[in-house]
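Just below is one structure, and these are the notes that go with it.
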Amino acid sequence: MARLLTAMFAVFGICLFSLASARADPGDDVKAAYSAWDAAFNNADAKAIAAFYTDDAIFLPATHDVIKGPAGVEKFFGGIFGIGVTGHKLELIEAQGEGNLLIGTAKWSAKGKDAKGADQPWAGVATHVFEKQADGSLKLRVHTFN
């Protein structure tokens with residue numbers, strides 16, 4: 001009887017380990033979302049960027065504005081493209097998640113212009129809260145950067 005219980009616990013432990021190992025790394029999903037977001041930015045496509053946000057998204061840019069929803073996001077990035085910002089890159093710092101929510105932190109960089117129109121590198125850090133959609137894609141629910 002003791003051997004049977006020991007064997008059962010061993011099998012149960014192996015199953016739990018296998019399930020934990022089989023879970024996808026949230027960093028892979030966040031990196032893929034960052035890559036797609038960067039591609040939309042670098043194509044200067046404000047509408048495509050807005051499609052990455054949930055209908056109830058909150059976007060908190062360094063301007064201290066509180067922007068809600070995809071329409072507000074599209075307007076903000078349309079303005080960014082209008083002043084000539086290019087070359088955006090998100091680099092994952094860390095990702096974690098549980099259930100349908102993933103949190104990503106990143107370093108970001110872009111190419112902008114100073115007040116006199118000279119090239120100037122821009123950079124900062126960002127926090128993203130993603131919500132996994134029914135089709136498995138990620139959409140931004142909260143996005144803030146400095």
Side-chain angles (χ1 to χ4, degrees), residues 7-146:
M8 287 175 53
F9 281 115
V11 168
F12 181 70
I14 291 169
C15 289
L16 283 178
F17 178 76
S18 296
L19 285 174
S21 298
R23 292 184 67 177
D25 176 6
D28 293 340
D29 290 339
V30 172
K31 282 180 187 177
Y34 283 172
S35 179
W37 196 97
D38 281 340
F41 188 103
N42 293 323
N43 284 326
D45 190 341
K47 185 174 281 307
I49 288 176
F52 287 105
Y53 293 78
T54 63
D55 289 340
D56 60 349
I58 296 176
F59 175 53
L60 305 168
T63 60
H64 303 276
D65 293 323
V66 176
I67 298 171
K68 295 186 178 185
V73 170
E74 182 177 350
K75 181 178 177 185
F76 176 86
F77 284 104
I80 292 293
F81 300 139
I83 62 171
V85 181
T86 61
H88 195 276
K89 175 74 176 153
L90 286 162
E91 295 179 54
L92 181 67
I93 297 170
E94 185 175 324
Q96 52 187 280
E98 191 168 311
N100 286 334
L101 293 179
L102 294 172
I103 299 168
T105 53
K107 293 179 182 180
W108 68 269
S109 60
K111 297 173 188 165
K113 304 281 184 189
D114 67 13
K116 295 180 181 178
D119 289 340
Q120 176 181 351
W122 292 5
V125 293
T127 303
H128 305 94
V129 177
F130 293 96
E131 186 174 75
K132 192 169 278 196
Q133 305 300 293
D135 66 0
S137 67
L138 298 180
K139 285 198 174 195
L140 287 159
R141 181 107 182 246
V142 177
H143 175 186
T144 186
F145 72 95
N146 67 7

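Reckoned from all heavy atoms, side chains included, excluding hydrogens, waters and symmetry mates. Since the structure is predicted, the reported quantities are computational estimates derived from the model, not experimental observations.
Formation of a donor-acceptor pair under 3.5 Å by the Asn146 side chain with backbone atoms of Val125 is found in this model. Without hydrogens or angle criteria, Asp119 side chain to Lys111 main chain gives no donor-acceptor distance under 3.5 Å. Remark: the backbone N or O of Gly87 is paired with a side-chain donor or acceptor of Asn42 at under 3.5 angstrom. Side-chain N or O atoms of Thr105 include none that pairs as donor or acceptor with a backbone N or O of Ile93 at under 3.5 Å. Side-chain N or O atoms of Asp25 include one that pairs as donor or acceptor with a backbone N or O of Gly27 at under 3.5 Å.
Taking both residues in full, the closest heavy atoms of Leu138 and Asp29 are given as CD1-O, 3.7 Å, listed atom of the first, atom of the second, then distance. Of all the heavy atoms in Leu140 and Ala57, the pair that sits closest is O-CB, 3.5 Å. Nearest heavy atoms, Ala40 versus Ile49: CB-CG1, 3.8 Å. Annotation for Leu90 and His88: closest pair CG-CE1, 3.6 Å, computed over non-hydrogen atoms. Across every non-hydrogen atom of Thr54 and Pro70, the tightest pair is O-CD, 3.4 Å.
Annotation: Phe59 is in aromatic contact with Phe77 [ring centroid separation under 6.0 Å].
Of the inter-residue distances, the one linking Lys113 atom NZ with Thr86 atom OG1 reads 7.5 Å to the nearest 0.5 angstrom. For the atom pair Glu94 CD and Thr127 OG1, the distance stands at 11.0 Å (nearest 0.5 Å). Taking CZ from Phe145 and CG from Leu60, the interatomic distance works out to 10.0 Å, rounded to the nearest 0.5 Å. For the atom pair CG of Asp38 and CH2 of Trp108, the computed distance is 11.5 Å after rounding to the nearest 0.5 Å.
With respect to the salt-bridge test (charged N to carboxylate O, under 4.0 angstrom), the residues Glu131 and Lys139 do not qualify. A salt bridge is absent between Asp56 and Lys68; no separation between the charged side-chain nitrogens and carboxylate oxygens falls under 4.0 Å.
A 6.0 Å sphere centred on CG of Asp55 holds no more than 12 heavy atoms belonging to other residues, nucleotides or ligands.
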Audit row: Leu101, Phe130, side chain to side chain contact (heavy atoms under 4.5 Å, CB included) steps and yes/no: CA-CA 6 Å; Leu101 293 179; Phe130 293 96; over 6 Å; no
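With 3.5 Å as the limit, one finds a donor-acceptor pair spanning the side chains of Tyr53 and Trp37.
Ring-plane geometry between His143 and His128 is classed as tilted, the angle between the planes lying from 30 to 60 degrees on a 0 to 90 degree scale.
Side-chain contact check for Ile80 versus Phe41: some heavy-atom pair is nearer than 4.5 Å.
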